[in-house]
Engineer: 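Pasting a structure here, questions to come.
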Protein chains: 2
Amino acid sequence: MANIQQVAKLAGVSVATVSRVLNGQRTVSAKTRFKVEQAIEKLNYEPSMLGRNLRNSESRMLLILIPAITNPFYSEVIKGIEHIAISSNYNILLCETDSSPERENIYFDLVRTKMADGIISMDPAVNTETLKVLAKKHAIIQCSEYTPDSGIPYVTIDNEKASYQAVKHLIQLGHKSVAIINSDEKYLYARQRMMGYKRAIMEHGLELNDSYIIHTQQLGFEHGQQAMRKLLNLKERPTAVFTVSDLLAIGALKEINSQGLLVPNDIAVAGFDKIDFSNMTNPTLTTVAQPMYKMGTIAAEMLIAKIKGQEVEDVILDHELVIRQSTLG
Amino acid sequence: MANIQQVAKLAGVSVATVSRVLNGQRTVSAKTRFKVEQAIEKLNYEPSMLGRNLRNSESRMLLILIPAITNPFYSEVIKGIEHIAISSNYNILLCETDSSPERENIYFDLVRTKMADGIISMDPAVNTETLKVLAKKHAIIQCSEYTPDSGIPYVTIDNEKASYQAVKHLIQLGHKSVAIINSDEKYLYARQRMMGYKRAIMEHGLELNDSYIIHTQQLGFEHGQQAMRKLLNLKERPTAVFTVSDLLAIGALKEINSQGLLVPNDIAVAGFDKIDFSNMTNPTLTTVAQPMYKMGTIAAEMLIAKIKGQEVEDVILDHELVIRQSTLG
DNA sequence: TTAGTTTATGTAACGGATTACATTTCTTTA
DNA sequence: TAAAGAAATGTAATCCGTTACATAAACTAA
């Protein structure tokens with residue numbers, strides 16, 4: 001594989017000139033540029049990013065930290081990130097942490113060792129302390145889940161409000177016993193969504209019932225099923241369930257169905273995220289739409305700005321309650 | 001950020017010695033090693049991958065080409081790839097082509113410019129000619145979709161047989177009119193699955209009916225819905241449908257439901273892939289299980305071997321027909 | 001024509017590691 | 001104790017671009 005020296009030699013110019021042509025500087029005369037281009041063509045030369053990156057001290061890689069690649073919410077955000085990345089000449093280093101600290105550390109090393117120019121963390125289970133330390137010397141953005149007052153810029157939505165609205169919707173349909181399937185409250189979004197749930201319950205003069213509050217370890221169909229099973233085993237089962245993720249909701253739906261009950265007649269269900277699947281269930285799922293793609297694009301833009309040394313502001317995006325069959329019938 | 005020179009200076013040794021400590025060579029005396037480690041500690045030194053990669057002429061990145069990140073089939077394969085990658089000290093460069101040649105070319109450049117050490121292509125729409133040329137100088141593996149006799153090693157399953165078995169299953173349940181929702185037959189897997197379909201039909205003395213063969217542009221719910229709509233509009237609608245992807249099957253299921261028909265009583269449905277969601281539909285989906293995770297691990301192992309300059313053999317993995325409610329009730 | 005600009009090109013240092021080869025130091029053994 | 005061999009460490013080239021600075025060439029104006 002040819003290198004810049006050989007191109008320079010063949011073109012009869014210096015490496016500096018070749019580099020100038022490569023980088024589109026206009027201080028090169030037309031004839032010289034032509035000669036160089038000819039040489040590049042003839043040698044089938046492609047500049048090595050290894051050399052360039054070392055010299056420029058950048059990798060042009062963006063590290064994306066997600067807990068699980070199989071959750072469509074993340075896939076959709078990644079699509080957005082990739083769109084911006086590619087148009088800014090960055091590439092995406094996809095890292096699935098499985099919420100494991102060791103894995104996470106391996107990935108953090110990528111930025112420490114200059115293999116990545118910055119990080120978009122979407123992992124709620126991320127080690128905040130490490131992240132904060134890292135953020136002092138490296139460009140880091142949090143997306144969806146964030147750490148208040150950490151100084152790490154973030155994009156997210158108003159989880160409390162979104163949750164409040166979803167639960168309010170259920171209550172306004174006449175439901176008096178509304179359950180929530182939440183994830184672990186060590187995560188901020190889980191706490192925020194719980195607050196929204198409680199606020200809706202209180203404001204409408206309903207009673208908080210601890211047995212209507214279920215926590216799951218992770219966001220997955222099976223966890224939704226299990227949680228729903230618990231709810232269905234109650235003497236007084238709820239007539240509506242709000243889940244903190246569509247995956248959970250779909251699992252819940254499944255469980256309700258397999259016990260011979262009907263959604264929404266016997267139990268209404270609302271989810272969160274508006275992943276594509278949520279429109280394919282039977283009945284279709286009422287859910288809080290998160291602007292996933294947009295969240296991705298904004299996170300990427302913020303990160304790239306940060307890498308360039310610019311200051312960036314936190315962003316809170318709009319969500320929207322999408323009412324479908326699972327609460328209306 | 002400290003570099004190796006500074007570490008050497010502080011430790012009172014040469015850079016060579018520091019490098020030896022870094023790379024765990026045992027030709028360093030215990031005291032020297034200790035001094036170096038102290039210096040590393042004190043300076044908070046992390047070796048730059050940019051320097052190391054340039055010197056070693058490798059990037060330790062594996063490029064994964066997929067058409068769409070939102071298809072869970074790919075997510076699952078990626079999980080497998082990542083597992084192997086991480087344990088071999090590689091990282092994953094995720095590239096979604098959207099089946100666009102320009103995008104693809106941008107990504108191919110990553111290997112040409114040394115930003116990636118090899119490619120796992122899972123994109124059926126990949127430009128085979130370019131890929132073949134590239135494969136002469138770079139490590140490339142095809143995963144799932146492949147190009148026979150191209151010299152590019154691949155991991156896949158026996159699509160013809162898998163398809164044959166699925167359709168045979170439907171026929172043995174008594175169905176006389178079995179439709180297929182296939183994707184574009186410019187893809188090999190689509191042609192192979194079509195062959196399996198036809199073989200099953202013929203071998204059982206049924207008649208091939210062109211109107212029972214539907215092609216979709218892409219693999220997505222909506223495409224499955226649309227295709228199903230066409231089938232339901234036929235004067236004599238089929239009593240069973242085999243789709244070439246679970247996503248299509250789920251879309252089909254949806255369409256059947258919304259027209260007030262029942263699966264499997266009115267129409268039986270079988271899918272392909274066994275994505276997680278296929279077990280969450282109502283009814284649950286009969287499908288051909290592909291060993292997605294394993295496919296990923298094997299593809300990664302093959303690629304890494306190839307990068308090391310080893311010869312690798314093509315691999316055909318086992319599939320399995322998983323019979324569930326959508327064909328049995 | 002000459003000094004002063006502007007434009008084009010070249011030279012060489014630099015980024016940060018690895019490693020072949022050279023050299024020094026330490027052991028071992030006669 | 002000297003010579004030989006083994007072990008530890010150092011020197012400097014190398015990977016491949018980019019760019020500050022130096023120089024040369026071309027042009028402008030007087």
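None of the values given here were measured: they were computed from a predicted structure. Letters A, B, ... mirror the listed sequences (proteins, then strands); counts begin at 1.
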Engineer: I want to check one thing: is the phosphate of C:dT18, taken as OP1 and OP2, less than 4.0 Å away from some side-chain N or O of B:Asn23?
Structural biologist: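 Answer is yes, contact under 4.0 Å.
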
Engineer: Rounded to the nearest angstrom, tell me the gap between atom NZ in A:Lys9 and atom P in D:dC16.
Structural biologist: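 For the pair A:Lys9 NZ and D:dC16 P, the rounded distance is 15 Å.
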
Engineer: May I have the list of side-chain donor-acceptor pairs in residues 20-27 of chain A shorter than 3.5 Å, sequence neighbours left out?
Structural biologist:
unit_1: A:Asn23; atom_1: ND2; unit_2: A:Ser19; atom_2: O; d: 2.8
unit_1: A:Asn23; atom_1: ND2; unit_2: A:Ser19; atom_2: OG; d: 3.3

Engineer: Please identify each residue that fulfils side chain to side chain contact (heavy atoms under 4.5 Å, CB included) with A:Ala68, with sequence neighbours left out.
Structural biologist: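 For A:Ala68 the side chain to side chain contact (heavy atoms under 4.5 Å, CB included) partners, ignoring immediate neighbours, are A:Thr70, A:Glu96.
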
Engineer: Can you list every pair that meets ring pair (Phe, Tyr, Trp, His ring centres under 6.0 Å) and has a residue in residues 101-132 of chain A, with sequence neighbours left out?
Structural biologist: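 Pairs touching residues 101-132 of chain A that pass the test: none.
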
Engineer: What is the separation between atom CZ on B:Arg55 and atom P on D:dA13, rounded to the nearest whole Å?
Structural biologist: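 Taking CZ of B:Arg55 and P of D:dA13, I get 13 Å after rounding.
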
Engineer: Could you tell me how far apart A:Ile4 (CD1) and D:dT14 (P) are, to the nearest whole angstrom?
Structural biologist: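 Atom-to-atom, A:Ile4 to D:dT14, this comes out as 18 Å.
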
Engineer: Spell out, as yes or no, whether a donor-acceptor pair under 3.5 Å connects the side chain of A:Arg60 to the backbone of A:Asn89.
Structural biologist: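 Pair found, side chain donor or acceptor close to backbone of A:Asn89.
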
Engineer: Donor-acceptor pairs under 3.5 Å, side chain of residues 299-313 of chain B to any protein atom, not counting sequence neighbours: which ones?
Structural biologist:
none

Engineer: Provide the full list of ring pair (Phe, Tyr, Trp, His ring centres under 6.0 Å) pairs with a residue in residues 111-147 of chain A, sequence neighbours left out, each pair given once.
Structural biologist: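 Residue pairs passing ring pair (Phe, Tyr, Trp, His ring centres under 6.0 Å), neighbours aside: A:Tyr146-A:Tyr154.
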
Engineer: Tell me which residues in residues 36-54 of chain B lie within less than 4.0 Å of DNA chain D, going by non-hydrogen atoms.
Structural biologist: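 Here the set is B:Leu54.
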
Engineer: Just to verify, what does B:Thr97 make a side chain to side chain donor-acceptor pair (under 3.5 Å) with, not counting sequence neighbours?
Structural biologist: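 Side chain to side chain donor-acceptor pair (under 3.5 Å) list for B:Thr97, sorted by chain: B:Asp123.
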
Engineer: Just list the side-chain donor-acceptor pairs under 3.5 Å for residues 126-135 of chain A, sequence neighbours left out, or say none.
Structural biologist:
unit_1: A:Asn127; atom_1: OD1; unit_2: A:Glu129; atom_2: N; d: 2.9
unit_1: A:Asn127; atom_1: OD1; unit_2: A:Thr130; atom_2: N; d: 3.1
unit_1: A:Asn127; atom_1: OD1; unit_2: A:Thr130; atom_2: OG1; d: 3.2
unit_1: A:Asn127; atom_1: ND2; unit_2: A:Thr130; atom_2: OG1; d: 3.1

Engineer: Taking atom C1' of C:dC14 as reference, at what distance in whole Å does atom CG of A:Asn56 sit?
Structural biologist: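 One finds 12 Å between C1' of C:dC14 and CG of A:Asn56, rounded.
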
Engineer: I need the CD-C1' distance between A:Glu58 and C:dG16, as an integer number of Å.
Structural biologist: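 Taking CD of A:Glu58 and C1' of C:dG16, I get 16 Å after rounding.
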
Engineer: Going through the checks in order, is the side-chain contact (heavy atoms from CB on, under 4.5 Å) test met by B:Met295 and B:Glu76?
Structural biologist: CA-CA 9 Å; B:Met295 206 179 264; B:Glu76 201 61 51; over 6 Å; no

Engineer: Starting at atom CG of B:Asn3, determine the distance to atom P of C:dC14, rounded to an integer number of angstrom.
Structural biologist: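 For the pair B:Asn3 CG and C:dC14 P, the rounded distance is 12 Å.
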
Engineer: Taking only distance into account, with no hydrogens and no angle test, what donor-acceptor pairs under 3.5 Å do side-chain atoms of residues 36-48 of chain A form with protein atoms, sequence neighbours excluded?
Structural biologist:
unit_1: A:Ser48; atom_1: OG; unit_2: A:Leu50; atom_2: N; d: 3.1
unit_1: A:Ser48; atom_1: OG; unit_2: A:Gly51; atom_2: N; d: 3.3

Engineer: Return a single string for nucleotides 4-12 of chain C, one symbol per nucleotide in 5' to 3' order, where B is base contact, S is sugar-phosphate-only contact and - is none, cutoff 4.0 angstrom on heavy atoms.
Structural biologist: ----SBBBB

Engineer: Five pairs per end, C1' atoms only: what is the angle between the end axes of the helix from C:dT1-D:dA30 to C:dA30-D:dT1, to 10 degrees?
Structural biologist: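 Rounded value for the end-axis angle: 50°.
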
Engineer: Just how far, in rounded Å, is C1' of D:dG17 from CE of B:Met115?
Structural biologist: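 Rounded to the whole Å, the gap is 14 Å.
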
Engineer: Measure from CZ on B:Arg60 to C1' on C:dT18 and round the result to the nearest Å.
Structural biologist: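 These atoms are roughly 14 Å apart.
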
Engineer: What pairs with B:Ser150 under side chain to side chain donor-acceptor pair (under 3.5 Å), at least two apart in sequence or on another chain?
Structural biologist: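 With sequence neighbours excluded, B:Ser150 shows a side chain to side chain donor-acceptor pair (under 3.5 Å) to no residue whatsoever.
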
